[in-house]
Each structure stands twice: as structure tokens, then as C-alpha cells.
Amino acid sequence: MPTHDTVITKKLSGKKVAQFVYSDLEKRISSLAQNGVIPTLAAVIVGSDPASQVYVRSKMRKFRKLGLNSKTFFLSGKSTSEEIVSEIKGLNNDDRFHGILVQLPLPDGIDSNAVLRSVSVKKDVDGFHPENVGLLSYGNPRFIPCTPKGIFRILQYYGIETMGKHAVVVGRSNIVGRPISAILSAKSRDANATVTICHSKTDDLSSYTQQADILIASAGIPGLINGEMISNGAVVIDVGITRVDDRSDKGYSLVGDVDAHSVDGIAGALTPVPGGVGPMTIAMLVENTVEAAERSILT
Ligand code: NAD
């Protein structure tokens, strides 16, 4: 177990970085408007998962607030993979939409890979199409998935050095763990980290997390990471969001993968939950949709 001198744990506010992103996007949005283009997103929800509805609603609210357009397509939970693919193909060919988002997870029995593959690579603002995944690991990205892109922006905004640092990523999903590993290990001036990926079958997780200069916690297990598992001064990015029932008025709270109380005074910096990675995921979705709209007038 490492010994710890007390440090002041800096709060890395994703809310603040997201504001910075939006103010930068304003110029790009108004220049698109001068060309008669309003970035527009199509969101596809299949079934009635309440969390998916909440996530999509909050994304759409942000689009509205910024004067951008969005439309949600609700498909029955009984839809077949072929029906979903056919809906997406229609959106691919509809010039009103610059970006298409398929809210995950899809209901059991749906071929998620076939659905994600059917999104036009030029409208794939979530960056989940295999071609876009390949381009990212190739070091030549078209669309970078929103959550890892947002994490990277937080590191950049707060001037956190990644070059030669050891980043330990807990979680190997296609949405977070794998793409953030590709981003941080890329051969580029603002990445160049040495990356270790841990997952559910990793033996002795602490032996890895204790080595991290930068720790990305994205397992979806509340409190998985505590103060004894990190080294003094480590930068800790808490990606986890789990709804836990409590006695508050809302009846629940959102909890991260990091036990914030126990890492306080040990971590050099920490993203809060909520207000950390979450707002950046939405900001990056807006940015990717603006990018898609910009490319649409170039081609
Ligand atoms: P996932 O379930 O697809 O993946 C979880 C990963 O954690 C898996 O790769 C698994 O191997 C690993 N894991 C599970 N138990 C582990 C353990 N004990 N030790 C080490 N690794 C373990 O989840 P996901 O989609 O990658 O999401 C992860 C978390 O991030 C969830 O809480 C999710 O809600 C949250 N999330 C937040 C945002 C955001 O905007 N803040 C976006 C996406 C996901």
C-alpha cells in the first residue's frame, strides 16, 4: 500500500470546459448559419428504456439552447434489426440531418453491430462505426467518440501532461475504455502516454491503479476506486455514472466509480460526478455535429 503525503485535490470541472467549448462553437455555428446551414442531429431510440430517454432529452435540450436542430425517432422495442437499419438508411439519405445518433444500449436480440455499421460514416457523430473506430486507432480520426474526446479535452484544458506518463484505464468498452486508450497512446505531441487497460478479469487491480499518473475509471461500479488504490498526486478521471436510490427528494443520486471522499487529499486532481465527464460528452456531441455540418458544405 503506498504512503501518502496530503495534497490539495484540484477539481477538474467538466462544466467549465464545456462552457469554453460552447463559446468556441458559437463562431462556427454562426458562420454555418451565414451559409444557410443549421447543424441538425437525428437521434434514434429503440424501446422505452427510461435512462435512454433521459440521456437523449438532455442532449436535445442542449441543441435547442444553442439554436441547433434535432429530432428524435422513437422505434418500438419490438423492432427487428432490419427495421432499425432501414430507418437509419432513410436518415443517411435525408439531407436535413448532419449527424445520426443511435442511443445505446439497444434492446436484447438486436444486432448492435449491424445497426452501428448502417450509420453513414459521414454522419456517425458518435464515432462507433467500424471505419471511424479504425481511423481513430490509425491515428487519423474522422469522428472521435464523445466521452473519450471529452476526457481528453479536460486533460488539455487543465494543462495535464500526458507525454511519457502512465495512464491506467479501468474498463475496455468500445464507448469509453478502448477509444480513450487509443487517444492517449497516439503518437502525437499532446498524447504519447503509456497506457495500461484493466478490465473485469484483471488480477489485483490496485497493483495497476497505484502505478497511474492518470487514472481513467470507467467500469460503472460505484466506489470501485478508493484512496488506497492511487498514488500521491495522481490525476483521476471518474467516468462512471450509476443511479443509486437514496432518500433525497429526487429519490436517487448519480454516483461515480471513485470514492471521492477517500481520494481527497491524495489525488492531485479529480473530476466530480456529476459535473465532470458528463457535460463534456454532450459538448463533444454538439462539436461533432457541427463538424459534420461543416464537412457537408465542403463536399
Ligand atoms: P461497460 O459496462 O460497457 O464496460 C465496463 C467495463 O468495466 C468493462 O470493460 C469491464 O471489463 C470493466 N470492469 C467491470 N468490472 C470491473 C472490475 N471490477 N475491475 C476492472 N474493470 C471492470 O460500461 P461503459 O459503457 O464503458 O460505461 C462505464 C461507466 O461509464 C458507466 O457507469 C457508464 O454509465 C459511464 N458512462 C458515463 C458517460 C458520461 O458521459 N459521463 C458516458 C459513457 C459511460
Side-chain angles (χ1 to χ4, degrees), residues 12-45 51-73 88 91-92 94-104 116 119-129 132 135-136 141-158 175-176 179-180 183 237 239 241 271 273-299:
L12 304 176
S13 167
K15 253 191 191 165
K16 190 166 157 190
V17 189
Q19 278 317 315
F20 176 79
V21 170
Y22 293 130
S23 61
D24 182 55
L25 284 177
E26 264 173 30
K27 294 166 235 155
R28 292 167 62 182
I29 292 168
S30 57
S31 124
L32 278 166
Q34 281 162 18
N35 285 285
V37 174
I38 298 176
T40 301
L41 176 71
V44 177
I45 298 187
S52 292
Q53 317 259 350
V54 171
Y55 287 141
V56 169
R57 259 204 308 275
S58 66
K59 289 168 184 171
M60 298 304 166
R61 209 176 305 126
K62 184 47 88 175
F63 271 70
R64 259 199 316 280
K65 216 169 153 195
L66 294 167
L68 310 183
N69 291 335
S70 61
K71 186 167 179 188
T72 307
F73 295 82
I88 290 170
L91 296 171
N92 287 342
D94 189 333
D95 289 342
R96 288 174 302 166
F97 300 108
H98 304 103
I100 300 170
L101 169 159
V102 180
Q103 187 61 37
L104 300 176
L116 294 178
V119 175
S120 158
V121 292
K122 294 185 174 161
K123 297 189 177 187
D124 175 34
V125 286
D126 259 341
F128 295 155
H129 188 289
N132 288 325
L135 286 171
L136 174 62
R142 183 191 278 125
F143 289 112
I144 301 177
C146 303
T147 302
K149 190 181 187 190
I151 294 169
F152 191 56
R153 283 295 173 77
I154 292 175
L155 296 174
Q156 286 183 315
Y157 181 88
Y158 285 101
I175 295 174
V176 189
I180 192 61
I183 295 167
I237 306 291
V239 188
I241 303 183
T271 56
V273 176
V277 175
M280 284 305 290
T281 296
I282 298 181
M284 295 299 100
L285 176 66
V286 174
E287 185 177 275
N288 283 354
T289 309
V290 169
E291 264 174 39
E294 287 169 341
R295 287 191 199 125
S296 76
I297 53 177
L298 293 175
T299 52

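- Proximity of Leu91 to Val44: side-chain heavy atoms (C-beta onward) are separated by under 4.5 Å at one or more points.
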Set out, in order, the CA-CA distance, both residues' side-chain angles and the distance that settles side-chain contact (heavy atoms from CB on, under 4.5 Å) for Ile175 and Phe128, then state yes or no.
CA-CA 8 Å; Ile175 295 174; Phe128 295 155; 3.9 Å; yes
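- In terms of heavy-atom proximity, Gly99 sits nearest to Val125 at CA-CG1, 3.8 Å.
- The distance from the CZ atom of Phe97 to the NZ atom of Lys71 is 5.5 Å, given to the nearest 0.5 Å.
- When atom types are taken as modelled, the side chain of Lys62 and the backbone of Leu285 share no donor-acceptor pair closer than 3.5 angstrom.
- The distance from the OG atom of Ser13 to the OH atom of Tyr158 is 4.5 Å, given to the nearest 0.5 Å.
- Heavy-atom minimum distance, Phe63 versus Thr289: CZ-OG1, 3.5 Å.
- In this structure, the side chain of Asn288 engages the main chain of Ile144 through a donor-acceptor pair within 3.5 Å.
- Going from atom NZ of Lys149 over to atom CD1 of Ile180 covers 12.0 Å, rounded to the nearest 0.5 Å.
- For Asn92, the side-chain hydrogen bond (donor to acceptor under 3.5 Å, both in side chains) test picks out no residue, with sequence neighbours left out.
- Residues Ile237 and Val277 form a side-chain contact, since some pair of their non-hydrogen atoms from C-beta on lies under 4.5 Å apart.
- The heavy-atom pair separating Ile154 from Gly276 by the smallest distance is CD1-O, 4.0 Å.
- Here the CE atom belonging to Met280 is positioned 6.5 Å from the CZ atom belonging to Arg153, to the nearest 0.5 angstrom.
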Below 3.5 Å, can you tabulate the donor-acceptor pairs from side chains in residues 16-28 to any protein atom, sequence neighbours excluded?
residue: Tyr22; atom: OH; partner: Ala283; partner atom: N; Å: 3.3
residue: Ser23; atom: OG; partner: Gln19; partner atom: O; Å: 3.4
residue: Ser23; atom: OG; partner: Phe20; partner atom: O; Å: 3.0
residue: Arg28; atom: NE; partner: Glu294; partner atom: OE2; Å: 2.8
residue: Arg28; atom: NH2; partner: Glu294; partner atom: OE1; Å: 2.9

Are Met60 and Leu41 close enough, and set up right, to give a side-chain contact (heavy atoms from CB on, under 4.5 Å), and what steps lead you there?
CA-CA 9 Å; Met60 298 304 166; Leu41 176 71; 4.1 Å; yes
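- Applying the side-chain hydrogen bond (donor to acceptor under 3.5 Å, both in side chains) rule to Arg96 yields the partners Asp94; only residues at least two apart in sequence or on another chain are considered.
- Residue-environment remark: CG (Asn35) exceeds the threshold of 12 foreign heavy atoms within 6.0 Å.
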Just do the side-chain contact (heavy atoms from CB on, under 4.5 Å) check on Ile151 and Val176 with the steps written out, would you?
CA-CA 9 Å; Ile151 294 169; Val176 189; 4.3 Å; yes
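- Of all heavy-atom pairs spanning His98 and Ala292, the tightest one is O-CB, 3.4 Å.
- Put simply, the side chain of Leu101 does not reach to within 4.5 Å of the side chain of Ser70, judged on heavy atoms.
- The minimum heavy-atom distance between Ile38 and Thr40, with the atom names listed, is O-OG1, 2.7 Å.
- Ile29 has its side chain within reach of Leu68: a pair of non-hydrogen atoms, C-beta onward, lies under 4.5 Å apart.
- Gln34 contributes atom CD, which lies 9.5 Å from atom CG of Leu32 (distance to the nearest 0.5 angstrom).
- Residues satisfying the side chain to side chain contact (heavy atoms under 4.5 Å, CB included) test with Tyr55, not counting sequence neighbours, are Ala51, Gln103, Ile241.
- Residues Cys146 and Thr281 approach most closely at CB-O, 3.5 Å, considering heavy atoms.
- Here the straight-line distance linking atom OG1 of Thr271 with atom CG of Leu12 works out to 6.5 Å at 0.5 Å rounding.
- In this structure Arg295 satisfies the salt bridge (charged side-chain N to carboxylate O under 4.0 Å, His left out) test together with Glu291, sequence neighbours excluded.
- Judged as a side-chain hydrogen bond (donor to acceptor under 3.5 Å, both in side chains), and not counting sequence neighbours, the contacts of Asp124 are Asn132.
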